[in-house]
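Only one structure is covered here, and it is reproduced in the block below.
Letters go in sequence order (proteins before strands), and every chain restarts at 1.
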Amino acid sequence: MSDSEIEIPVGRLLRANSTAFTLGCRISETDRVSFGSLVRASSRAGQLDVYGLVVDVTIADDLLVKQLAISPGMTEEQRQDQLERRQVPIEMSVLAIGYREGGLIHRRIPPRPPLSLDRISLCSAREIQAITEGLGYLRLILRQRIGEIPVEQLIVAHIASAYEARGQDDRWALRAAGELIAQLRDDYGTLLPLLEALGDALPQLQGAVNV
Amino acid sequence: MSENEGTIGYIVGGNLQDGLRVRLTVPAADLQEGSFVVCDSDHWRFYGLVTDLELGATDPRFADEHLDRLHPALAQLLYGQTLFTTMEVYSTLMLDRGPEDPGERLRWQADIDSGRAERPAPRPVKTVPAHHAPVRLADAGDVAEIFGRDDPGSLVIGHTLEQGYPVRLDLARFVKRSAGIFGATGTGKSFLARIMLAGLIQAGSTDSRMASVLVFDMHNEYGFDDTDENENPVRGLRSLFGGRVQVAALGKGSQVRTKNPDFTLEIGMRDLLPRDILMLSEALSLTDKAADVLSALWRDFSDGWFIEFMSMQPGLVIETDDGKKIPAPNSPAGWARSAGIHESSAEALHRSLLRRLGDRDYLVRDPAMDAVEAVVDRLENGRHVVLSFGKYESDLDYLLVSNILTRRIRGRWVKKTEQYRSGAVEGAPRPLVIVVEEAHKLLNPSLSNQTAFGIIARELRKYMVTLLIIDQRPSGIDDEVMSQLGTRITGWLGDEDDIRAVLTGLSGRDKLRGMLARLREKEEVLLLGWGVRMPIPVKSRRYDQGFWDEMRAGRRGPDSGDVLNERINDELLPWA
């Protein structure tokens, strides 16, 4: 990321493995991120940036929340206080889709996961453009098991957000759709709902673009 | 040109037996069955024909379901990926393109240019291209590589279906073996035949090694001008080529389409052999006994048998000394009695011959000139003869006269060829092409062993005589004859047996069968066989003013002096 762009932090890393990581954040930071957003974990003193898609957000309870939930006289003040001073952070699960090392972007599982408390930031539009220029990472997403989350919903959310970040780039959206069709051409059950959802998400998409 | 420019698909499978499978990257409608396609793979260039186009889907549900619930731009993307077209290609030839490495390739090319290495020529396929090798439509260079370039010995017979590149026949090769032009009635056979004949005649005007042509013109359509079904003028060969084409008519004083022929022909009765009559058994309604009678006639009278037999008076009796009436010796019954033959058989044969041949004025006791000499002289001198049957359009006359003349002319060519081969004379006889219509009447399984045509068809070009067969019922022709035909040019055929017959003896016939059945009537023909390097359907050439002009331009070639003189004759070139 260039120095001129404003860093939008979304939290810090709680735990990670080779294919995914989880960040913790405050309630106020959750507004900056959506399902399918592209985030960056800056790790190892800036030597390795790991990119991923937000695939799940978990708001866990704690003892105080449980007590307040059954307290008959909880005030709005108490509720706000609890939100801002939670004992446990909001957790966001991120699916790793690539990394940057030595100035080069690679769209595959990172060689090493990010480390605890590494800073996680939202990717800038320029980063989104650079990462999504190659579409090999879509294959990584399709191969993942992401709990209860339907993979086509994740992909549609990602493509819709990247489409906007790329300035409503029809050519790219169609190229991405073409890549998904190539990957899923034997999987009618996944492909058709995905294309339907994608059409709903991008009604303004212009057809007949030579991809 | 970049590697992928013009690519219509890529190889996804196939084998030598069943052909290649190509996944199309262009809409199926851009291709047709019969399209001529090319595939470069490693150092080979493969040539083939599209034999089938099949719609496919990665999952049948993609095909079953309408995609209108999808965004149109996304639905469009499914075409080519989940919904696609697979093309089957009948791979026929391959050509060595030289090494891939640029340096090696330059050396390879230099060796060829300097004559140190042989120039590669297309050869039958022995291998298959690699997976994903790009496939494209043949361009003008490919068509020229396989079907020849514009040179005096070639004739444009049609154009490729898609881009309309000219497809040529090598005429010298064409006449080396017997050939056939087939097609159901109304598919333009006779126009195609005119084009072939005009091409041969025109090529012969500048090359003395080209064949002379003898046409047995059963329906009087090749010699003089005619009109087509829409009353448009159709040039005859006589008016197209002037005196190089001589029209002969059967019988003294005969006319052809109210015009006087260049000469008339009479057949001497002594030229008639018993087997000529046996060949007509069906037309003459002869019984099995006729063979015995004919055999006895030949034994008793030799080549005078027909004259003697026809001069006998049926029913004539004489009275013996004891008052008993017996057949006179100069009656058929009387002769039969003396020859030990069944009397009623002799009488039946006599009746039949008298009734069917007795009034033929072309059949004479002493012809004014030898018909064979008259024809042979002209053919030897580089002229071409169209024998019109005039008023004698029946099968009987056609079978009888064409067989007798062909037998004798072939005999002359056999003699000339043997003299040439033994060194007795210099110069090989000029090749001769004998053109026969309604060939199934002469070459059906029961006759092909008896007629001169059957012999010519079987002996290939041994004696420099070949046939050009024009027929609408190839299934009526003996399979053995069909399998010997070199070039086959066929228009649409509706009958399955006819299609099978035309493809007799050819490799890949299973793949060509459908193509033949789906030719467009009057517009497309399929070129097949030994005379063309690979089968190909073409848009037929038109026998029209453009073609006539081209033939006329050909006549102004440097070696056609005698023809140049004829050009000033308005009668010969009425439209000039």
For this session: Would you name the heavy atoms of B/Gln81 and A/Ile181 that are closest together and state the gap between them?
Result: CB-CG2, 3.4 Å
For this session: Specify the closest pair of heavy atoms between B/Phe62 and A/Arg185, including all atoms of both residues, with the distance to one decimal.
Result: CE1-O, 3.3 Å
Flag yes if more than 12 heavy atoms outside [X] fall under 6.0 Å of its [atom1] atom; otherwise flag no.
{"X": "A/Arg26", "atom1": "CZ", "result": "no"}
{"X": "A/Arg12", "atom1": "CZ", "result": "yes"}
{"X": "B/Tyr79", "atom1": "OH", "result": "no"}
{"X": "B/Arg61", "atom1": "CZ", "result": "yes"}

Problem set entry | Neighbours of chain A found in residues 51-60 of chain B - heavy atoms under 4.5 Å | B/Thr58, B/Asp59
Seminar exercise, completed: Greatest number of non-hydrogen atom pairs under 4.5 angstrom with chain B, of A/Ala177, A/Ala182, A/Ala173, A/Pro203, falls to A/Ala182
For this session: State, with a plain yes or no, whether a side-chain heavy atom of B/Leu77 is found less than 4.5 Å away from one of A/Leu195.
Result: no
Exercise. Contact part of B/Leu74 toward chain A, heavy-atom cut-off under 4.5 Å: side chain, backbone, both or neither?
Worked result: both
Seminar exercise, completed: So, the part of A/Leu191 with a heavy atom under 4.5 Å from chain B: the answer is side chain
Problem set entry | Verdict with reasoning, A/Asp186 to B/Thr82, per side-chain contact (heavy atoms from CB on, under 4.5 Å) | CA-CA 8 Å; A/Asp186 295 322; B/Thr82 60; over 6 Å; no
Exercise. In Å and rounded to the nearest 0.5 Å, what is the CG to NE2 distance from A/Leu198 to B/His71?
Worked result: 9.0 Å
Exercise. In Å, rounded to the nearest 0.5 Å, how long is the span from CG of A/Leu174 to CD of B/Gln76?
Worked result: 10.5 Å
Problem set entry | Qualifying residues under salt bridge (Lys or Arg N to Asp or Glu O under 4.0 Å), relative to B/Arg520, sequence neighbours excluded | B/Glu523
